[in-house]
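Letters A, B, ... are given to chains in the order of the sequence lines, protein chains preceding strands, and every chain is numbered from 1.
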Number of protein chains: 2
Amino acid sequence: MLNTADIPKLLKDAGLRVTPQREAILGFLIEHTKHATADEIYQSIHKTFPSISVSTVYNTIKHFAQVGLVKEITFGDNASRFDINVQPHHHLVCKKCGTLIDFYLEKPPSFALPPEASGFEIEDFHVEVKGICPACRESSRG
Amino acid sequence: MLNTADIPKLLKDAGLRVTPQREAILGFLIEHTKHATADEIYQSIHKTFPSISVSTVYNTIKHFAQVGLVKEITFGDNASRFDINVQPHHHLVCKKCGTLIDFYLEKPPSFALPPEASGFEIEDFHVEVKGICPACRESSRG
DNA sequence: CTCCTTTTTGATAATAATTATTATCTAGTG
DNA sequence: CACTAGATAATAATTATTATCAAAAAGGAG
């Protein structure tokens, strides 16, 4: 499990300079493991680090994504989310409230890729399962 | 296969009023089956239907999505795309150039959903496979 | 520690996608 | 034809993201 004590090392190993802003952002992502938006990261850090700016958050998470520290995911709500969990994993999302649950696949599904896909070098895949969570099913029962 | 002649019927069956704007948008989606953005839809229709407005496109595709006529998909490029919802299918996308290829799964993968997911009513799922297309592999070879 | 170079930061502006508002218009109904 | 709910167009407002660039900070050499 990732530990906040490792943050400077994580940054160095990724080839990034260690700055308070980066430590704060990485720390936030480690503690709030789940799918934060850029704005959520900014709002939270801003409380204890008032001088941090929005562009720093964007720059930093972009750097993190480039070096593989975080993974960017998007759902249908026009806001990118960032996930410290860089292991391959998948998402179950509620169509109504947006609740997100991670899950894993032991064995990958067998894709039947079409002829046009030949020559494609497959690197990874992501499964997004959609449905209605128990709470929303309850509240929408007529 | 969907036919543009069926458009009024498609709209009625979906419980939507038949208007020229809706016919145009649905017609566009049927003819350009693949993954158009809201702006692409607008730009194209605007040529032959100059009075149509951007918000009508957004409203209309949102309605279409609600009644299941189209499906919204997002990739990492902060623009939603809309797909005539024929049959469940999945996407192979090039990380470099964004090229998109549809593919199908005969049998769904078996998900190993975690305990937190119990009670979730699963409605559908989407697999996004990422990689590098042949053209981009070629051009990036050192 | 101090100087120097390079990188990072923060403030702001710019751009793009999307949503909200509202007056006007229209399809369907009687 | 008149009425009414719903649809459209124009516009403004929001929201997310990127670009610009001067000032500040990091890391290494001496």
Is any side-chain N or O of B:Ser51 closer than 4.0 Å to OP1 or OP2 of D:dA9? yes

Looking at B:Ser53, I'd like to know whether one of its side-chain N or O atoms comes within less than 4.0 Å of OP1 or OP2 on D:dT8. no

Using side-chain contact (heavy atoms from CB on, under 4.5 Å) as the criterion, point out the one residue from A:Leu10, A:Ile61, A:Leu16 that pairs with A:Leu26. A:Leu10

Could you give the CD1-to-C1' distance, from A:Ile25 to C:dT9, as a whole number of Å? 10 Å

Only one of B:Thr48, B:Ile84, B:Ile41 forms a side-chain contact (heavy atoms from CB on, under 4.5 Å) with B:Phe28, so which one is it? B:Ile41

Between A:Ala24 and A:Phe49, what is the shortest heavy-atom contact and its length? CB-CD1, 4.3 Å

For the residue pair B:His35 and B:His89, categorise the inter-ring angle as parallel (less than 30°), tilted (30 to 60°) or perpendicular (more than 60°). tilted

B:Ile52 has an atom CD1; how far is it from atom C1' of C:dT26, in whole Å? 15 Å

Distance, rounded to the nearest Å, where B:Phe49 contributes CZ and D:dA7 contributes P: 15 Å

Hey, could you give me the NE2/CG distance between B:His91 and B:Asp83, rounded to the nearest 0.5 Å? 5.0 Å

With respect to the phosphate group of C:dT26, does any side-chain polar atom (N or O) of B:Gln21 fall under 4.0 Å of OP1 or OP2? no

When rounded to whole Å, the CD1 to C1' distance for the pair A:Ile45 and C:dG10 reads 14 Å

Between atom CZ in A:Arg22 and atom P in C:dT7, what is the gap in whole Å? 11 Å

Do A:Asp102 and A:His90 get their side chains close enough for a donor-acceptor pair, meaning under 3.5 Å? no

Estimated bend of the helix from C:dC1-D:dG30 to C:dG30-D:dC1 (axis per five terminal pairs, rounded to 10 degrees): 30°

Could you write nucleotides 14-30 of chain D as a row of B, S and -, 5' to 3', where a protein heavy atom under 4.0 Å of any base atom gives B, of only sugar-phosphate atoms gives S, and otherwise -? --SBBB------BS---

Write down the atom of A:Ile101, the atom of B:Phe120, and the distance for their closest heavy-atom approach. CD1-CE1, 3.9 Å

Joint cluster assignment, B:Ile7 & B:Phe64, ILVMFWY side-chain distance < 4.5 Å: yes

Atom of A:Leu105, atom of A:Phe125 and distance for their closest heavy-atom approach: CD1-CE1, 4.0 Å

Taking OH from B:Tyr42 and C1' from D:dA10, how many angstroms apart are they, rounded to a whole number? 10 Å

